[in-house]
Undergrad: 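Structure in structure tokens, see below.
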Amino acid sequence: MTQEQSRGEPESAHSDTPGAPDAAPPPGRRDDAQGGDIHMEARLAKLERLRERGIDPYPRRVIRTQTAAEARALFEADPESGSRVAVAGRIMTIRGMGRLTFATLRDGSGEIQVSFTRDRLGQEVYQDLRNLDLGDFLGVEGALFATRAGEITVQAETCAMLAKALRPPPDKWHGLRDVEQRYRQRYLDLLANEDAREIFRARSIVVSAIRRFMEDRGFIEAETPILVPLAAGAMAAPFRTLHNALHRELFLRIATELNLKKLLVGGFERVFEIGRIFRNEGIDAAHNPEFTTMESYEAYASYHDVMEMVETLTHHVCLLVRGESTVSYGGQAIDLTPPWQRLSLIDAIKEWSGIDLLDSRARSADGLRAAVRDAGLAPAENSSWPQMVDKLIGELVEPRLIQPTFLTDYPVEMTPLAKTTERDPRLVERFEGFIGGMEIANSFTELNDPLEQAARLRAQEANRQQFTTEDFDRLDEDFITAVEHGMPPAGGLGLGIDRLVMILTGQTTIREVVLFPQLRAPE
RNA sequence: GGCCCGCUAGCUCAAUUUGGCAGAGCAGCUGACUCUUAAUCAGCGGGUUCCAGGUUCGAGUCCUGGGCGGGUCACCA
């Protein structure tokens, strides 16, 4: 290292060996589960040696005038100029050959090779290179040149330790494979695996593209409470928590729906929220207990308008992320170009199960249960009518909807917040959007009749009593009061961001698109 | 919760079939080397084989129980 330091003992002539290694900590082996081992001891010894040489391993100031990518571009623009640059990054590889050493630095823009020679740096500083390890952050200043092999390289004239790493990076060749460790220590995954970096870059693009798309359409973004006195607006079990000062039980929201609708009452005509919601249920390839949705509400629109918006938005985001309209998912080519297929739920179930949900025999829970059994499924003994419809959709319909499809017009029993259709009061104006056999969107023409809304939610409460499950919505009096003040007709939407990112990045488990997915507690 | 698979050096993996001294590459340490890029070459150190029992002369390997992870089914938007 150069800069201000380098007043050590002149090294004994022949050996390039720096300080004696016997100053290392006691050799007792330990392993604190993270590599508190020989590697860490060696690095701590090097850290100490740097300090003895008067070098701060964690300096406050950094001189960087180019990113790695900028430095390379500079050289490519004019290979003869010998431009001087100052780059900084993490040491990914280092190769010493006597009095010449090459290292590869990586920063946020990419990688660049740097070279050190004893001739240029002097013996003392060159010796200090022995205190470098993979993973350390280093700053290098010098002229650009191309090696015989053509690699653009910074010929170091000075170099400075920017941050010493005490633990080694993942295997530089194999990367990090252990799935659990990839999730628990995502930073190592990002460090080692370009694929992982790409997924989360794509996710960032998706979120920002959705936000811009909505803003361009005149929607304003809202942030509504996550801690709520009643978890309503969807059918799911909530997480509970306790507010100490209020001595009150609170819940984590399971949807942003009801508060956003209150904003419609308040006069905002187009609102959306991108945020985390929480559902206390099982964890699998398609479910993480906390996940991100974009919900939007548009006054004077219907679910037909929302359908158009969803297909346009999804296609737009796909183009931005992938540069084309198609994605490959689970070995199938999927084309997101609008318009997407529209399919009535009643027709879909009739076609794939033979059951006509509007037929009088299928209207009762017992009648439907018999029909579902005839269709080869095994509904639970006391399952409710909506639960069995849900099962039919999940087992027979959803897996077939690989190409983007809107499933439309659901039974009123399973959708308390949507307006009924004009031609059939047993159905509501609702659609769900499916891609790759996975639900990614849910939308209604919102129910704005306060009396009917209250009655429908009371029916949900009654069902929850009868079936003692969480599969029914709750009656939120504050929400009813708001609707009683008058809510404009509106089209609403819930879009699953995580699943959309899965589709767009070709991932088949949600954990690959959530930075820190929920896992069981260690130990 | 049921079933299946996995857990071996810091990392990635062998050895498990047929019970018989637990190995390699990378990383680490020592040395050589001025154009490497998974640098190379020589040498060295490094293991509670996830845990606890059991069978056996002998267990990484077989048996039982447990832990953690993954997959799948069930549950669940």
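Small disclaimer: the values here were computed from a predicted structure and weren't measured. Letters A, B, ... are given to chains in the order of the sequence lines, protein chains preceding strands, and every chain is numbered from 1.
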Undergrad: With respect to the phosphate group of B:G10, does any side-chain polar atom (N or O) of A:Lys172 fall under 4.0 Å of OP1 or OP2?
TA: no
Undergrad: If pairing requires Watson-Crick or G-U wobble contacts with both distances under 3.5 Å, which nucleotide is the partner of B:U36?
TA: none
Undergrad: Taking pairing as Watson-Crick or G-U wobble with both contacts under 3.5 Å, can you name the mate of B:U64, or confirm there isn't one?
TA: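 Checking every strand shown, B:U64 finds its partner in B:A52, with both distances under 3.5 Å.
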Undergrad: Does a side-chain N or O from A:Gln387 land closer than 4.0 Å to OP1 or OP2 of B:C76, or not?
TA: yes
Undergrad: When you measure only distances, ignoring hydrogens and angles, does the side chain of A:Glu151 come within 3.5 Å of the base of B:U36 through a donor and an acceptor?
TA: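 Absent.
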Undergrad: So, is A:Lys391 near the phosphate of B:C75, with a side-chain N or O under 4.0 Å from OP1 or OP2?
TA: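 Looking at the OP1 and OP2 atoms of B:C75, one of them is under 4.0 Å from a side-chain N or O of A:Lys391.
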Undergrad: Could you identify the nucleotide paired to B:C57, looking across every strand shown and requiring Watson-Crick or G-U wobble geometry with both distances under 3.5 Å?
TA: B:G20
Undergrad: Checking all strands, does A:Thr147 fall into the base, sugar-phosphate, or nothing category for heavy-atom contacts under 4.0 angstrom?
TA: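 Here A:Thr147 touches the bases of the nucleic acid.
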Undergrad: Examine B:G69: is either OP1 or OP2 under 4.0 Å from a nitrogen or oxygen in the side chain of A:Arg184? Give yes or no.
TA: yes
Undergrad: So, OP1 or OP2 of B:C75: does either fall under 4.0 Å of a side-chain N or O from A:Arg279?
TA: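 No, no such contact exists.
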Undergrad: Give the nucleotide from the list B:U12, B:C35, B:C76 with an atom nearest to the side chain of A:His287.
TA: B:C76
Undergrad: Check whether the side chains of A:Thr256 and A:Glu273 place a donor and an acceptor atom closer than 3.5 Å, and report yes or no.
TA: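 No, no side-chain donor-acceptor contact under 3.5 Å.
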Undergrad: Look at all strands and tell whether A:Arg106 reaches a base, only sugar-phosphate, or nothing, counting heavy atoms closer than 4.0 Å.
TA: nothing
Undergrad: Name the nucleic acid region contacted by A:Thr415, choosing base, sugar-phosphate or nothing; use a 4.0 angstrom heavy-atom cut-off, strictly under.
TA: nothing
Undergrad: Under 4.0 Å, counting only non-hydrogen atoms across every strand here, what does A:Gly96 touch: a base, just sugar-phosphate, or nothing?
TA: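 If one applies the 4.0 Å heavy-atom cut-off, A:Gly96 turns out to touch a base.
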Undergrad: Assuming nearest nucleotide by heavy-atom distance, tell me which of A:Arg95 and A:Pro169 is located more 5' along RNA chain B.
TA: A:Pro169
Undergrad: Is A:Glu395 touching bases, backbone alone, or none of the nucleic acid, heavy atoms closer than 4.0 Å?
TA: sugar-phosphate
Undergrad: Grab the CD1-P distance between A:Ile91 and B:C26 for me, whole Å please.
TA: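 After rounding, the reported distance stands at 20 Å.
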